[in-house]
Amino acid sequence: MVQYSRNQLHEKFKKGKEISKLLAQLLEFGYTCRNTERTEYMTYEKLREEVRKANLVLVGLGEELSGDMESFYQALAVLLEKKDYFIVSLSGNRDALESAGLLSDRITVPLTEGEAEESWERYLHWLSFTLNQNLCILELGVGFSHPEIIRFPFEKTCYFNQKSHYIRIHEKFPQLSAEIAARGTSVQRDPVAYLTIED
C-alpha cells in the first residue's frame, strides 16, 4: 500500500476522496498513537482544573454535537467564565452561543454563509499570541468532515506550543496523534452529555 504524508492525506481529503479510505490510511500511517482502549477518563473537575490553569483556551466545536445544546452552551459559558478564549465552531450556532453568554467577538463560525471574514481574522490574530503561552485546547465533537478547520490546525498549534494541553472529547474518534499524545488527554465520551451531566 502507498504511504502518504499527513500533508498529502490532507490534500487528498480536500479533493473529495472517500473518508473511509483516508481514515484507514491515517490509522495505518500511525495517526493514532492512542487507541480507544487507552483513552483516559477525565472527570469534569479535572477538565475545569485544566481550563482554570490555562492563560488561554482554544475551543473547537464540531459538527457531531447533538443533544441538549442550550444546556451545553450554558455549561461551556460557565467553564470559560473569566478566561481569555476563542471558539471555532463548525455548525451554524453563533446565535445560540451568544445567547448562552459567550462573547460574539470570541466566536468564529467559518462554514456559515454570511459569516464575516473579520471573525476569522480576529481568530487568527488571537491565535498568533498563543505561542509559548499556557494554552488549553479543548476539542469537542470534531469529526473528519472538515479536519482542515479544527482537527489538524489545533493539533499543529499544540505541537508547536510546548506549554499547551490538548483535550479531545469525542465518542468515536478521541485518538490523539503521536506528536501531541504526551501533552494530551483523549476522552471517549459524548461531549454534550459530558459537559451537561458531569459535576
Side-chain angles (χ1 to χ4, degrees), residues 6 10 13-14 19 47 50-51 54-67 69-70 72-131 133-161 163-177 179-180 183-187 190-192 194-195:
R6 185 177 288 190
H10 178 68
F13 183 85
K14 283 179 23 181
I19 193 165
L47 173 67
E50 288 293 333
V51 171
N55 298 339
L56 305 166
V57 183
L58 176 58
V59 180
L61 301 178
E63 68 285 5
E64 297 181 13
L65 295 172
S66 63
M69 297 308 292
E70 183 178 341
F72 173 74
Y73 294 142
Q74 289 170 353
L76 184 61
V78 169
L79 183 66
L80 297 175
E81 194 171 38
K82 298 181 183 176
K83 298 306 296 182
D84 186 353
Y85 65 87
F86 215 101
I87 298 170
V88 180
S89 179
L90 294 179
S91 56
N93 54 7
R94 173 180 282 284
D95 292 339
L97 288 163
E98 291 175 11
S99 295
L102 295 160
L103 302 174
S104 64
D105 66 339
R106 295 302 178 140
I107 301 167
T108 186
V109 189
L111 297 180
T112 302
E113 194 169 321
E115 176 79 4
E117 180 70 26
E118 67 189 46
S119 73
W120 186 255
E121 293 301 321
R122 272 195 311 271
Y123 161 62
L124 293 177
H125 180 73
W126 182 89
L127 190 62
S128 70
F129 289 98
T130 63
L131 191 60
Q133 295 288 324
N134 188 355
L135 173 67
C136 178
I137 302 171
L138 182 58
E139 183 191 293
L140 304 167
V142 178
F144 285 94
S145 67
H146 297 282
E148 72 278 6
I149 296 174
I150 294 179
R151 193 170 268 260
F152 295 156
F154 279 29
E155 285 186 0
K156 186 176 180 181
T157 297
C158 183
Y159 176 77
F160 285 111
N161 184 345
K163 293 183 178 180
S164 65
H165 184 86
Y166 203 111
I167 302 168
R168 174 174 285 153
I169 304 174
H170 195 286
E171 273 189 297
K172 296 176 186 169
F173 303 113
Q175 300 86 357
L176 296 169
S177 64
E179 296 87 0
I180 63 169
R183 288 181 284 112
T185 305
S186 57
V187 180
D190 170 28
V192 174
Y194 184 82
L195 255 66

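The figures here come from the full heavy-atom set of this structure, side chains too, leaving out hydrogens, waters and symmetry mates. Residue numbers start at 1 and run along the sequence shown.
- Judged by distance alone, with hydrogens and angles left aside, the side-chain atoms of Tyr194 form no donor-acceptor pair with the main-chain N or O of Val187 at under 3.5 Å.
- The nearest pair of heavy atoms linking Pro153 to Pro147 is CD-O, 3.3 Å.
- The structure places OG1 of Thr157 at 7.0 Å from CZ of Phe154, a figure rounded to the nearest 0.5 Å.
- The closest side-chain heavy-atom distance from Ile167 to Glu50 is below 4.5 Å.
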List the steps and the verdict of side chain to side chain contact (heavy atoms under 4.5 Å, CB included) for Gln133 and Lys163.
CA-CA 6 Å; Gln133 295 288 324; Lys163 293 183 178 180; over 6 Å; no

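- In this structure, the separation between CD on Glu98 and CD1 on Ile87 is 10.0 Å, given to the nearest 0.5 Å.
- Counting heavy atoms from C-beta outward, Ile150 and Glu139 have side chains that approach closer than 4.5 Å.
- The distance from the CZ atom of Arg94 to the OG atom of Ser99 is 11.5 Å, given to the nearest 0.5 Å.
- Environment of CD in Glu121: crowded, with over 12 heavy atoms of neighbouring residues, nucleotides or ligands closer than 6.0 Å.
- Closest of all the heavy-atom pairs between Pro174 and His170 is CB-O, 3.6 Å.
- Counting all heavy atoms, side chain and backbone alike, Leu80 lies closest to Leu102 at CD1-CD2, 4.0 Å.
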Assess whether side chain to side chain donor-acceptor pair (under 3.5 Å) is satisfied between Glu63 and Ser145, documenting all intermediate values.
CA-CA 8 Å; Glu63 68 285 5; Ser145 67; 3.1 Å; yes

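- Atom-to-atom distance recorded for Glu155:CD and Tyr166:OH is 5.0 Å, nearest 0.5 angstrom.
- Shortest non-hydrogen contact noted between Val142 and Arg151 is O-NH2, 2.8 Å.
- Here the shortest heavy-atom pairing between Cys136 and Val51 reads SG-CG2, 4.1 Å.
- Of the possible donor and acceptor atoms, none in the side chain of Lys172 sits under 3.5 Å from a partner among the backbone N and O of Gly143.
- Between Trp120 and Tyr123, the ring planes are tilted. Angles from 30° to 60° get that label.
- Separating the CD atom in Glu64 from the CG atom in Leu140 is a distance of 12.0 Å, to the nearest 0.5 Å.
- We find the CZ-CZ distance between Phe152 and Phe144 to be 6.0 Å, quoted to the nearest 0.5 Å.
- For the pair Leu135/Leu58, a side-chain contact is recorded, criterion being any heavy-atom separation below 4.5 Å from C-beta on.
- Aromatic ring pairs are classed by plane angle as parallel below 30°, tilted from 30° to 60° and perpendicular above 60°; the pair Trp126 and Phe86 is tilted.
- Not a single donor-acceptor pair under 3.5 Å links the side chain of Asn134 to the backbone N or O of Leu56.
- Using a 4.5 Å heavy-atom cutoff, the side chains of Leu65 and Pro191 are in contact.
- The side-chain heavy atoms of Leu47 and Leu138, taken from C-beta on, include a pair separated by under 4.5 Å.
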Working for side chain to side chain donor-acceptor pair (under 3.5 Å), residues Arg122 and Thr108
CA-CA 8 Å; Arg122 272 195 311 271; Thr108 186; over 6 Å; no

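- No side-chain heavy atom of Val88 sits under 4.5 Å from any side-chain heavy atom of Leu61.
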Take Asn93 and Ser89, measure what side chain to side chain donor-acceptor pair (under 3.5 Å) needs, and give me the verdict at the end.
CA-CA 8 Å; Asn93 54 7; Ser89 179; 2.8 Å; yes

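- Lys156 has no carboxylate O lying under 4.0 Å from a charged side-chain N of Glu179, or vice versa, which leaves the two without a salt bridge.
- Proximity of Leu176 to Arg168: side-chain heavy atoms (C-beta onward) are separated by under 4.5 Å at one or more points.
- Residues Leu111 and Ile149 are in side-chain contact: their nearest non-hydrogen atoms beyond the backbone lie under 4.5 Å apart.
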